[in-house]
Trainee: 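Handing you this structure, nothing more for now.
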Amino acid sequence: MLERAKSWQPYLEDEIEAPYMQSLLAFLQQEKQRHKVIFPPEASWLHALQVTALDQVKVVIIGQDPYHQPGQAHGLCFSVKPGVKPPPSLVNIYKELESDLAIPRAEHGYLESWAQQGVLLLNAVLTVQDSNAASHQGKGWEQFTDKVIEVVNRECEHVVFLLWGSYAQKKGAMIDQTRHLVLKAPHPSPLAAHRGFFGCRHFSQANQYLLQHAKQPINWQLPKSDSVKREVIQGDLWS
């Protein structure tokens, strides 16, 4: 399961053998045998770890569940596949980026370029049943992703954690704030964004912190849609 996330493997391989994970994998196998459709596809369950190596992590953004409609989820929180309309929370993230760093709003919702620069886009739960929101909560993924956060907290230095909403903030309670920068704000969903997500300026603060610690800042401006389409044509996605 971790073969394609090699930098993480030494720190997480024991988790894969743990009873809770074996129970989770058995549940997922059972769901597939019952012809339940699971998102994202199995090859993308650990995509966040595959595209962002442990020693490259600079920023962590914590989401909750994958999108549960067909064609959306691909293993990175808040991100959708090319050609899919950006969901409302992501639109609000783009609005804050525009306000904070004068970055024009992207036409697509594909955040792979952030992940490639060291932004770990980690959902707390890594799978969901088609059209059944939160259906895989409480099955074991939360324990696994707690371990991922624990590994980053322990093994990395000067990482920025962007904790949006109470769920992410509870999940990030273990983070050592003497070693890392923790920024908190309400969730960017339409229901909460006006309570303090807008105007939080987390993107500029993150880059300032990275520069202060001699790290390359994140280029938050996403590639144009044409560049993303070329990636699809070249078959680079979901590898």
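Just the heavy atoms: all of them, side chains too, but no hydrogens, waters or symmetry mates, feed the values below.
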Trainee: Is it true that Leu46 and Ile61 fall in one hydrophobic cluster, defined by side-chain heavy atoms closer than 4.5 Å?
Mentor: no
Trainee: Is it true that His187 and Tyr167 have ring centroids separated by less than 6.0 Å?
Mentor: no
Trainee: Just wondering, do Arg179 and Cys156 contact through their side chains at under 4.5 Å, heavy atoms?
Mentor: no
Trainee: Determine, using the 4.5 Å side-chain heavy-atom cutoff (strictly less than), whether Ile93 and Phe198 are members of one ILVMFWY cluster.
Mentor: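 Same cluster: Ile93 reaches Phe198 through Ile, Leu, Val, Met, Phe, Trp or Tyr contacts under 4.5 Å.
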Trainee: Are Leu163 and Phe197 connected in the hydrophobic side-chain network, where two residues link if heavy atoms are under 4.5 Å apart?
Mentor: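 No, because Leu163 and Phe197 fall into different hydrophobic clusters, even though each may have its own neighbours under 4.5 Å.
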Trainee: Taking Ala134's backbone N and O only, do any of them form a donor-acceptor pair with Gln137's side chain (distance below 3.5 Å, no angle check)?
Mentor: no
Trainee: Which atom pair, heavy atoms only, marks the closest approach of Glu96 to Phe203?
Mentor: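 For Glu96 versus Phe203, the nearest heavy atoms are CG-CE1, 3.9 Å.
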Trainee: Is any side-chain heavy atom of Trp164 less than 4.5 Å from a side-chain heavy atom of Phe78?
Mentor: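 Yes - at least one pair of side-chain heavy atoms lies under 4.5 Å apart.
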Trainee: Backbone N or O of Asn153 within a donor-acceptor pair of the His180 side chain at under 3.5 Å?
Mentor: yes
Trainee: Knowing that exactly one of Val160, Leu162, Leu97, Asn207 qualifies, which makes a side-chain contact (heavy atoms from CB on, under 4.5 Å) with His202?
Mentor: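 With His202 as partner, Val160, Leu162, Leu97, Asn207 yield a single side-chain contact (heavy atoms from CB on, under 4.5 Å), made by Leu162.
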Trainee: Measure the acute angle between the ring planes of Tyr110 and His74, then classify it against the limits of 30° and 60° as parallel, tilted or perpendicular.
Mentor: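 Tilted, since the angle between the ring planes falls between 30° and 60°.
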Trainee: So, are Lys95 and Glu98 salt-bridged, with charged N and O less than 4.0 Å apart?
Mentor: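 Between Glu98 and Lys95 there is no salt bridge, as every charged N stays at least 4.0 Å from the carboxylate O atoms.
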Trainee: Between Val91 and Val80, is there a shared hydrophobic cluster once you connect ILVMFWY residues whose side-chain heavy atoms come closer than 4.5 Å?
Mentor: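 No, it is not one cluster - the side chains of Val91 and Val80 are not joined through contacts under 4.5 Å.
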Trainee: Taking the side chain from Gln205 and the backbone from Cys200, do they hold a donor-acceptor pair closer than 3.5 Å?
Mentor: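 The answer is yes, because a donor-acceptor pair under 3.5 Å joins these two groups.
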Trainee: Against Lys147, only a single residue in Leu12, Val152, Asp14 fulfils side-chain contact (heavy atoms from CB on, under 4.5 Å); can you say which?
Mentor: Leu12
Trainee: Does the pair Thr145 and Lys171 meet the rule for a side-chain hydrogen bond (donor to acceptor under 3.5 Å, both in side chains), with working shown?
Mentor: CA-CA 9 Å; Thr145 52; Lys171 195 163 181 71; 3.0 Å; yes
